[in-house]
Each structure stands twice: as C-alpha cells, then as structure tokens.
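These figures come from a predicted structure and were not determined experimentally. Atoms within a ligand are numbered from 1 in the order they appear, just like the ligands themselves.
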Amino acid sequence: MQLSSYEDLRSRLLSHSITCEEVIRFYLERIDHHREDNIYITVFHDAALERAKALDRKLQEGGTPGRLFGMPMAIKDNIAIKGGRLTCASKILENYESVYDATVVQRLAEEDAVFLGKTNMDEFAMGSSNENSAFGNVPNPFDKNRVPGGSSGGSAAAVAAGLAMVALGSDTGGSVRQPAGFCDIVGLKPTYGRISRFGLVAFASSFDQIGVLARNCDDASLVLGVMAGKDGRDATSSLHDVPDYGSEMANVSVEGLRIGVPKSFFPETLNADVACIVKGKLQELRDRGAELVDITLPESDYAIAAYYILVTAEASSNLARFDGARYGYRSKHSEDLSAMYVNSRTEGFGREVKRRIMLGTYVLSAGYYDTYYKKAQQVRRVFQDRYREALEKVDVIAGPTSPYPPFGIGDKTGDPLEMYLADVFTVPASIVGMPAISVPVGLDSLNLPVGMHLICNFFEEGKLLGIARLMQRSL
Ligand code: GLN
C-alpha cells in the first residue's frame, strides 16, 4: 500500500476504494512483521481493529467523517490512553494501566483517528538515543547499527518505517525534533502551552510539550490543528486562538523570506556533511528569493548548561510521586516503610533517571540553590530576550537539527555529557518556549538523514510549517 499523505488515504477511504479495516490490518501486520525492532512497547491489535470496523460502519450509515478519519497513529508511551498500558519505558510503571485519556488522545479520537499502539522511548523521556529504555533499543530504520534518536525514538522509527502514518512524541529539549532529524521525517514542537499536557507524564513541566512526527508538513499541521487549544485541565494551556494552519502555510512564500542564520549554529566542530547539506539548502532558498541574514545569538552551550540544571530540578520533584505506594512497581524485599520507598525507587528507576533525580535534588538544595538553579533561571531569561529580539528582524532562525548524523548504538552510552550535547541545537527553543521543527533536507555520504532545524516566534506554527514545507527534500 503506497500512501503519500493522509489526504491520499482519506480520499481513498471516503470514495470506498479501501476500508479502514483494510488499512489498519495492513499496519498491524507490518508492526508484527517488524516485531524484533522493538518500536512499539504495546500494540492495540484488538482495539484498533474494533475501532476501524466501527469507523467503516459509521461511513456506511452516512455519518460525517472526522478530520482525521481512519488516520493510523502511534502514541509515545508517556501519553495516557484509558485502559492501555502506560510505561514511560520504565520498570517502575511496567504494568501500570492508565485510568483516563490524555486531552490530546480524546481530541484525536473525536476526529476519528485510530491508535495502533504505544511506542518505545527513553525512560521518562530522558535521553537522546532511545538507549535508556527498560524495554531495550530501537534500531534506526536507515541503518540498524545506529540509534533512531530520542527520546521519542520509537515514534520516529514507527513513522519512518511505515508502522504508523503519524506519531505523537513529547519534546522537553529536542525529543521530537532530534529523532525526526535522525529518521528523515518532520518533527514539530509547538509553542509551550499550545497543546494541553493533561495526560502527558511530566518530566520537566515548564519545558514539556507534546509534538507531532509525520512524513510531511501537511499531515503534521492537520494533527496539530486538532490537538491545539485551551484545555481546562491544564492551567498552562494557552487561550490563544487556534488558526487554520493549512491556510497559514499557504500564505508563506519564499520571495522576501528573511532567514536568520546564527554563527553559533555552525561551529567549527559541526560534522562536515551536515554543514554542507544545511548550508546548501539555505543557498538554494536564497536563489529562490529568500534573504539570508547573519544574526548573533548566545552560545548554545550555555543553553545546555542551564537546561540540565532546570530540567533535573523539575524532574526530581515530578518523579517524587513514584514511590512504590501509589503507582507501579513495589519492591518485595523491604522490612519497613522507608526501606520500601528506597528499594522501590532503587530497583524501579534506571541509571539515567536516578542520575537526574540526584542532580536535581542537589541543585535545589539550600546551599546550592542560588549558585545553580537561580543562575540557570537567569540564563533562561537572557535566552528569551535575545531570541525575541532576533525574531523582530527575521522571520525564522535556521540551523542543523543535530551536530552529526545518527550515531552508532553504544557510541555515547559511556559518557552522559557527550550524550547531553546531542541536543545542543534543539535545547534553546525549549528554553525560550518558541515553536521549532526539524525537516528532512538531505542524506549524507553514508545515506544517513540530515535535518534542518527552524525556530519561529511564539504561536507562529503555521508559518513555521509553511517554511519547512519549502525546504523539505522530496522523499
Ligand atoms: N535529550 C534531552 C534530555 O535528555 C531531551 C529530552 C526530551 O526532549 N524529552 O533531556
């Protein structure tokens, strides 16, 4: 089954040249066939088929098809689907079942999307390679010895390998954009507050944002339009009107587009192929009528330093709820209550999660709060001011998504700091809360994907998607 976009699938479904059941069976068979790739943690075989049959009946009976009628979707396993397993790829939630739907899940379901299953990820969304999963690695569909990126590695691999048409991920510092870049697909992180976080398991609440992974910008914009908007159950969700993203995208033209190119996004150490492909694409846009503007932004290294202080602080507090008493795994070897807490957390959390809880607790402790946490908050403010200023002069800020193409499985697991630097270009947009996207722009000399990273001003998702669409290489 060759499907170029959701629009293509939709017209075939509505003209009865194919049924939802056939489509969903096709995807489920592909998922089973690729079982050893570990892309899904849970597959909803029965529920997805039931749902597909119900949608077919709805159409036969003359019901109005929803905006995402029959769209086969994968959901990252830190987003709640009622009655489904919700593991966060952690042993501590291995057998936990969600008792409610996330707001996004509810909104997608109301528009007739079909959920195929829950995708693999780094434990509690902490990582850049999907290697921190209690459920094992996911190979990159382009080269099985390499990582798919992370933390939404399963979601990115699912879309790239044709095991879902669109997938949801979560992005705290790059977890939608970086894996999208590594898997040659589109990955959008909307403005902080654009999409409700109700039902997304919290990692760092002032950064977390649900994002979309898709093969093209049109599919991503459709799904964004359904999910975006105020939600009474998330006080940080924005009241800002949800525009028609399709028409906003259509209004973007390359003629006169001002593209800000910061020197700090093209350091000496940047992989040569990545630099060449990204710069080549920017030249191409200039030839088509865009203007490239040199801009200066604060060094991204400072963003990484501030990010890992702020997110670990927030994580140490958010993850306190996993204590063996209320949720999930409880250690069986404890003599008293406090040993039960300690043992449950010691046995239930993986290494990286424990490292971050300790780091976060440390930077929040009385003696160090001002030195680390407060300082990092000040750095965050400086980044916000500088990015706002830059976007008064240009329409969009551009650079590579990652400093290098997908790296080998095991290459960076021995050195957490090395791993943290994988996000050097994606973290700044998370610090400032602006929308950002990774879009496929080329393949390197080893045929590995290279992504372009674009940042627009707050709530300019339509424009961002439109610009990304101008740049996407034909797949
Ligand atoms: N890789 C980054 C981290 O480990 C980003 C994770 C994310 O965006 N969830 O924190």
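Considering backbone and side-chain N/O of Gly174, one or more are found under 3.5 Å from N/O of ligand 1. The shortest N/O to N/O separation between Gly127 and ligand 1 falls below 3.5 Å. Polar contact with ligand 1: present for Ser128 (N/O pair, distance under 3.5 Å).
For ligand 1, the atoms sitting less than 4.0 Å from at least one non-hydrogen atom of Phe203 are 9 (N), 10 (O), numbered in the order shown with element in parentheses. Residue contact check: Gly173 has heavy atoms under 4.0 Å from atoms 5 (C), 7 (C), 8 (O) of ligand 1. Listed by atom number, the atoms of ligand 1 under 4.0 Å from Ala125 heavy atoms are 6 (C), 7 (C), 9 (N). Set against the non-hydrogen atoms of Ser151, the atoms of ligand 1 under 4.0 Å away are 9 (N). Using a 4.0 Å cut-off to heavy atoms of Tyr307, the atoms of ligand 1 that qualify are 2 (C), 3 (C), 5 (C), 6 (C), 10 (O).
Evaluated by nearest non-hydrogen atom to atom 9 (N) of ligand 1, the leading choice among Ser175, Pro179, Ala422, Ser170 is Ser175.
Just one residue in the list Met71, Arg67, Met73 forms a side-chain contact (heavy atoms from CB on, under 4.5 Å) with Leu108, and that residue is Met73. Each of Leu213, Val186, Val212 was checked for a side-chain contact (heavy atoms from CB on, under 4.5 Å) with Val176, and the lone residue meeting it is Leu213.
Proximity of Tyr420 to ligand 1 is not established, as no heavy-atom distance is less than 4.0 Å. At least one heavy atom of Asp423 sits under 4.0 Å from some atom of ligand 1. At least one heavy atom of Arg356 sits closer than 4.0 Å to an atom of ligand 1.
Remark: aromatic rings of Tyr302 and Phe383 are distant, center separation not under 6.0 Å.
In this structure, Asp218 pairs ionically with Arg469, as a charged nitrogen and a carboxylate oxygen lie closer than 4.0 Å. Comment: Arg355 engages Glu352 in a salt bridge, judged by a side-chain N to carboxylate O separation of less than 4.0 angstrom. Under 4.0 Å is where a charged nitrogen must lie from a carboxylate oxygen, and between Asp37 and Lys144 at least one such pair does.
When the ring-ring contact (aromatic ring centres under 6.0 Å, His included) test is applied to Phe322, the partners found at least two apart in sequence or on another chain are Phe124, Tyr327. For the side chain to side chain contact (heavy atoms under 4.5 Å, CB included) test, residues two or more places apart in sequence or in another chain that qualify with Ala313 are Val363, Leu364, Tyr373.
The distance from the OG atom of Ser196 to the CD1 atom of Ile210 is 6.5 Å, given to the nearest 0.5 Å.
The nearest protein atom to atom 3 (C) of ligand 1, hydrogens excluded, is given as Tyr308 OH, 3.3 Å; this is a heavy-atom distance.
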